[in-house]
Amino acid sequence: MKTTISHIKADIGSLPGHSSVFPPVVDEVAKYVKEHSQGLLTDHYISHVGDDIQITMIHNRGIDDSEVHKLAWDAFKAGTELAKKVGLYGAGQDLLKDAFSGNIKGMGPGIAEMEITPRKSEPFIIYMMDKTEPGAFNYPIYKMFADPFNTPGLVIDPNMHEGFIFEIWDIMEAKKIELPAPELSYDILAMIGSKSRYVVKRVFTRPTHEKLPDENVAVITTDKLSLIAGEYVGKDDPAGIVRIQSGLPASGESLEAFSHPYLVSGWMRGSFNGPLMPVGMKDANMTRFDGPPRVVALGFVLKDGKLSGPIDMFADPAYDGARRTAVDVVDYLRRMGPFEPHRLPDSEMEYTTLPKVVSKLGSKFVPIENPVKKKARLANPTRDMD
Ligand code: F6R
Ligand code: MG
Ligand code: MG
């Protein structure tokens, strides 16, 4: 029987400002889901990273189920009431609409869902990032499913040897394409290197995969909050679900993709490039310069609709080196202040508050005089040059 994993996340208020969730609000969301999930969910888990509350739900209703989406929406609404009451900063900020309208997509929260044929043991990892955008998943997902230097299983395991199929979304044009790796790896990379526009949405096994044919094995939230809201309301901090083991990247191959703290966009005011730091739950609070961007990994197994776990995968001294490098990169980048490429390029500042500042100066601009004409005018001030 098919099972669905639905992961829905939102920032509904933070303490003191965009840094961390407020535990009583997380409890309120958890209480709501627990009290209203009877007959709808077979299991669920509530977690958080930075200022985002994350709801993982297990059920048999397929993706895009309006009752499941509504449960998450109503739970976030319930949490928002408390967030407003205690005056949390940005209370309810990701709930962009007043009323639920059948599907949570486009309403603010981020959503990643997959319908799967569970194996006799179904291990998977939920990755949750704060202070960055969906394209931040492009690099590690490519490493996990297409780079044999990261994932030796692509070379060694006959079930992985044929590679995987990448579904890539152009989030500016609202178009998608499916491309196989390794055959079209260069085409995949040609797109997903532009991570603010092209994002990996899903990864599938091949129809010929011996253990798990034609299955969705990874999915990422790809909601573009700024495009929905029309102005900056926080980066759409992404989350992703990655199935692991037995013909898929091993747990350690999946995690290995985060051992290099690569640069992502987001961080302070959604306007800066910075390293993605893998951390355990105890360190999932955004502090330095509202960051740096972080990723947490929770490992679960699923059996008969029930979850066991999670294991806090990055709470491991083996990731201390990555964390140290990330802090060194932070020290280096911060010295650039408001300059590119620490600050994002103009094209990516469109939905931040910067254009408002620059537009105020508009009337003060004057045309730059052509230097050749200027020289001639100075040499012959009585002649009309135009
Ligand atoms: C980044 C983020 C924060 C805020 C910053 C300013 O995604 O949410 O870095 O942009 O703290 O917030 P405001 O403008 O609300 O004072
Ligand atoms: Mg926020
Ligand atoms: Mg956030």
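Values in this document were obtained by computation on a predicted structure and should not be read as measured data. Ligands are counted one by one from 1 in listed order, and the atoms in each one are counted from 1 as well.
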Less than 4.0 Å is my threshold; does some heavy atom of Gly266 fall inside it relative to ligand 1?
no

2.8 Å cut-off met by an N, O or S atom of Asp130 to the Mg ion (ligand 3):
yes

Judging by distance only, is a nitrogen or oxygen of Asp51 under 3.5 angstrom from one on ligand 1?
no

Polar contact flag for Asp290 and ligand 1 (N/O pairs, less than 3.5 Å):
yes

Would you mind checking if [Y] and [X] are paired as a salt bridge, meaning a charged N to carboxylate O distance below 4.0 Å?
{"X": "Glu178", "Y": "Arg202", "answer": "no"}
{"X": "Arg197", "Y": "Asp170", "answer": "yes"}
{"X": "Arg119", "Y": "Glu122", "answer": "yes"}
{"X": "Arg323", "Y": "Asp316", "answer": "no"}
{"X": "Asp312", "Y": "Lys282", "answer": "no"}

Which ligand 1 atoms are under 4.0 Å away from a heavy-atom of Gly270?
1 (C)

For N/O/S atoms only: which one belongs to Asp52 and is nearest the Mg ion (ligand 3)?
OD2

Once rounded to 10 degrees, what value does the angle at the Mg ion (ligand 3) take between OD2 (Asp237) and OD1 (Asp51)?
180°

Structural part of Arg269 in contact with ligand 1, heavy atom criterion under 4.0 angstrom:
both

At under 4.0 Å between heavy atoms, which part of Trp267 makes contact with ligand 1: side chain, backbone, both or neither?
backbone

Applying salt bridge (charged side-chain N to carboxylate O under 4.0 Å, His left out), which residue pairs with at least one partner in residues 14-40 are found, sequence neighbours left out?
none

Could you identify the N, O or S atom of His18 positioned closest to the Mg ion (ligand 2)?
ND1

Can you tell me how the ring of His342 sits relative to the ring of Phe289, calling it parallel under 30°, perpendicular over 60° and tilted otherwise?
tilted

Do you see an N/O/S atom of Asp11, backbone or side chain, under 2.8 Å from the Mg ion (ligand 2)?
yes

